[in-house]
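Taking it in order: structure first as structure tokens, then the write-up.
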Amino acid sequence: MTKRLQLRRVLALAVFVCAAFVGLGYRLVDLQVLRHDELAKLAQDNTQREFRQAPRRGDILDVRGNLLATSVSVKTVCADPSLIGNQQAVVAHTLAPLLQMSEAGFYQKLFPRVSRDEKGETVTNNLHYVRLQKNVTDETWQKVQLAMSQLNFGVDEKKLPESGRAFFRNLRQSAIFADPDQMRVYPNGSLAGQVLGFSGVDEFKLDDWPVSQISGRDGIELALNSALGGVAGWRVTETDRQQHELVALRDEDVQPRDGLNAVLTIDAAVQHILETSLADAMQKHTPASITGIVMRPGTGEILAMATLPNYDPNKPDTISPDTRNRVITDVVEPGSTFKIVVVSGALNDGVVRLGDQFDCEEGHFTYAGRILHDHEPFGTLTTEGIITKSSNIGAAKIGIKLGEDKLYDYATDFGFGQRTGILLPGEVSGILHPVKDWTKVSVAQIPMGQGVAVTRLQMLMAMGALANDGWLMRPMLVSCLEDRAGNVVQKYEPQRVRQVVGDSADKEMIEALKTVVSPDGTAAGAAMKDYIVAGKTGTAQKVENGVYVHDKYVASFIGFFPADNPQLCISIVMDEPKEGYYGGQVCGPVFRDVAERCASYLNIPADSPAPLVANTGYPH
Amino acid sequence: MAGNRKNQSTAIRFGPALKALFLCMLFAGSAIGYVWQKNEIYRLSQQIRQSELRLRQMTDGNEKLRVKLADLRSPLMLDQRVRELNLGLAPAQPVQVWRLPEPPAMPPGSNLLARQLAARQAVAPLTQ
């Protein structure tokens, strides 16, 4: 009997133990299998931290390697409001002056912010993260850390219980922290500001964590944004209670790929020469705007490009539509500079020769019911003389002789009515109507630069084609992309677009253009002392409400030198100049100033070289 | 036989003792090795962290110096300094620039003296 009872007890115990093991087994399966993903994620979140490693944005350098734009490391100072308790006033009073913020604004930011999402539910995303100030230097951050470690809250913390002491300890150590960040810096200030463009900060959330990233907004910064930007890396690791990384427990570590450096064709010194000359002219003639471009005609490399008024990319608040890069964004009627298209086209087709004579009708020529005028009455002029004196009537007659279709073809071949393809955002194509939309007078008007709208860059490239044996080049602004070690990743080569005119026509045209800066020409003030210059003036009346106004002009001079071996092609354009308005009168001297300074800086051999000295071999 | 057993019971048995000692040392050594290894990992990870921090600081410092150098070398700054120092510097005029012709290329193997002579001969006619 006793034995049976014992057996039952043992059996009951065995059943109980088995049931317990089954229960435990079920729990094990539940934890390890059924809820594996959920619990694994929880465990991982408790221990692992994932950091985004921001790439360094590439530099922008000039052709000689001078720094035009770079990125420097700064801090974004943040706060964890949940650790500040009711000590906002003390923290704000101490840190606001260091971070150059208003104490009241700073104070408000330190409160945990509870907001509602689109569903109306309360969210407390900002409970642990409030951004206080961006672009804080390391020196300032060190002062902030020191100030926080020495904060005095007016209580005797030794008498507080452990929880109270821990609160103040956490407040000092962890309530204010800094995220690494970058700031874009342009060491030369406004130099080439419109070419470089400017950058802004894109903010987005990655895994519910705010991320900020520099991105281009205009100019080269925008055009090469992806190349400059680089690719972010990441690190999966574990941290201690002070959020210090435990390197031994680092799991994944993918380094960011830094952005590439962009080496421009811009030469900072030439840019400076151009900008200072333009600034002087701006002061003298007070135009609404003034633009200048310096280019190597043989390659299409832009050495300098400037528009005044300009802006400093370091101060984005100074940027306005008035400071846009008018060289590529604005179109104007070119005026007489466009005569190079019709005359070179006519010379190329053999329609006219340089010595052919045209009756310029003493300044009044009626064609298709319209009277065309010259700026002064001319009798008979040769083709060369038409360029020298810039006769509208002469150019119109050459245009008529060339014909509508040919005129349109040459204008198109010189690149008008289409973008040049420069690596800058915002370029417009200008206006060149197809022949079917022309009026009867168009064939006479277009040769003198009316009825067509061009950008300053298009006009420069057309003149550059004449300086380059008739070959139109694509403007080059970027020389190469290189990595941080200086290895060239991508090289940009000069690109020929097409040959617009042949060699002989080109040489004849250059001979005609040389006379423009002669004492008889329209731009005697553009002549250089030691170089032979070829160029063309332009003075275009502005159109307002569909009619030409008589007191607003766009004056221009585009030229190149040395005329027989062109090294530089320079364009100067003034919008609504005062104290004179003829292109040769106001822009010619600016051209000469820029050209002479550039020639000296670039050591361009003069057309009349100095002799070498005997015996010593050294110059006196 | 009995005498032998009696002797054996009182004698020290070195074999098992050595084995036990060896096992103890093995376990103790493993434990110490494990702790030492962990300690080294911690020390090296601290060292890596410090080195990374230092590298970052130096890189940042280098960047700042680069910016400062760029600032000092900017044409605007140079222009300003030239004016401040009133050195009377001006760009050289083209007529002030003297150009010497490049000496003709000599065949490989020719000595330095021959090259210098060729260079002089190349310059001489132009000086007359």
Side-chain angles (χ1 to χ4, degrees), chain A residues 56 59 61-62 64 66-74 137-139 180 182 185-191 244-250 267-273 275-276 528-531 596-601 603-620, chain B residues 37-53 55-80 82-83 89-101 103 116 119-128:
Chain A
R56 185 185 178 281
D59 296 337
L61 310 164
D62 84 341
R64 292 172 194 265
N66 295 314
L67 211 52
L68 299 176
T70 188
S71 300
V72 293
S73 293
V74 287
T137 61
D138 283 343
E139 293 77 24
Q182 287 178 44
V185 172
Y186 303 87
N188 294 286
S190 61
L191 191 84
H244 293 145
E245 189 200 355
L246 300 169
V247 179
L249 301 177
R250 196 180 279 180
D267 187 318
V270 176
Q271 182 76 25
H272 177 66
I273 289 170
E275 288 190 13
T276 48
M528 295 168 71
K529 195 177 162 194
D530 300 297
Y531 300 90
E596 284 184 344
R597 292 167 67 195
C598 286
S600 172
Y601 168 68
N603 200 11
I604 296 172
D607 281 317
S608 51
L612 287 170
V613 177
N615 302 330
T616 61
Y618 292 101
H620 284 220
Chain B
Q37 187 194 26
K38 282 287 175 190
N39 199 39
E40 275 297 285
I41 288 170
Y42 178 77
R43 193 180 61 80
L44 288 172
S45 68
Q46 288 293 319
Q47 212 172 326
I48 289 169
R49 201 165 74 84
Q50 292 299 329
S51 299
E52 283 178 346
L53 198 66
L55 177 67
R56 192 188 181 92
Q57 281 169 348
M58 291 177 84
T59 309
D60 290 351
N62 198 24
E63 290 301 327
K64 282 186 184 116
L65 289 173
R66 276 185 72 218
V67 173
K68 192 163 184 177
L69 181 66
D71 194 28
L72 290 170
R73 288 173 59 179
S74 75
L76 194 70
M77 179 66 83
L78 292 174
D79 220 17
Q80 202 177 320
V82 166
R83 263 185 272 130
L89 295 174
Q93 296 304 306
V95 288
Q96 295 174 297
V97 178
W98 299 83
R99 293 172 192 283
L100 300 176
Q116 286 173 346
R120 277 186 201 167
Q121 281 168 349
V123 172
L126 289 169
T127 59
Q128 289 167 359

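Reckoned from all heavy atoms, side chains included, excluding hydrogens, waters and symmetry mates. Here is the naming used below: chain letters follow the sequence lines, and residue numbers restart at 1 for every chain.
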field: Residues from residues 37-46 of chain B approaching chain A under 4.5 Å (heavy atoms)
entry: B/Ile41, B/Ser45
query: How many angstroms lie between atom CD of A/Glu245 and atom CD1 of B/Ile48, to the nearest 0.5 angstrom?
result: 9.5 Å
Which portion of B/Arg73 sits near chain A, non-hydrogen atoms under 4.5 angstrom: side chain
message: Apply side-chain contact (heavy atoms from CB on, under 4.5 Å) to residues A/Leu191 and B/Leu76 and explain how you reach the verdict.
response: CA-CA 8 Å; A/Leu191 191 84; B/Leu76 194 70; over 6 Å; no
query: For the candidates A/Ile273, A/Asp59, A/Thr276, A/Leu246, which exhibits the highest count of non-hydrogen atom pairs separated by less than 4.5 Å from chain B?
result: A/Asp59
- prompt: Side chain, backbone, both or neither: which part of A/Arg597 has an atom under 4.5 Å from a heavy atom of chain B?
  reply: neither
- request: Under 4.5 Å heavy-atom distance to chain B, tell me which part of A/Ser71 shows up: side chain, backbone, both or neither.
  value: backbone
- request: Of all the heavy-atom pairs spanning B/Ala70 and A/Leu67, show the shortest one and how long it is.
  value: CB-CB, 3.6 Å
- request: Give, as side chain, backbone, both or neither, the part of A/Ala248 having an atom under 4.5 angstrom from any heavy atom of chain B.
  value: both
- prompt: Which atoms form the tightest heavy-atom contact between A/Asn188 and B/Pro75, and what is the distance?
  reply: OD1-CD, 3.7 Å
- request: Could you list which of residues 61-68 of chain B have a heavy atom closer than 4.5 Å to any heavy atom of chain A, in residue-number order?
  value: B/Glu63, B/Lys64, B/Arg66, B/Val67
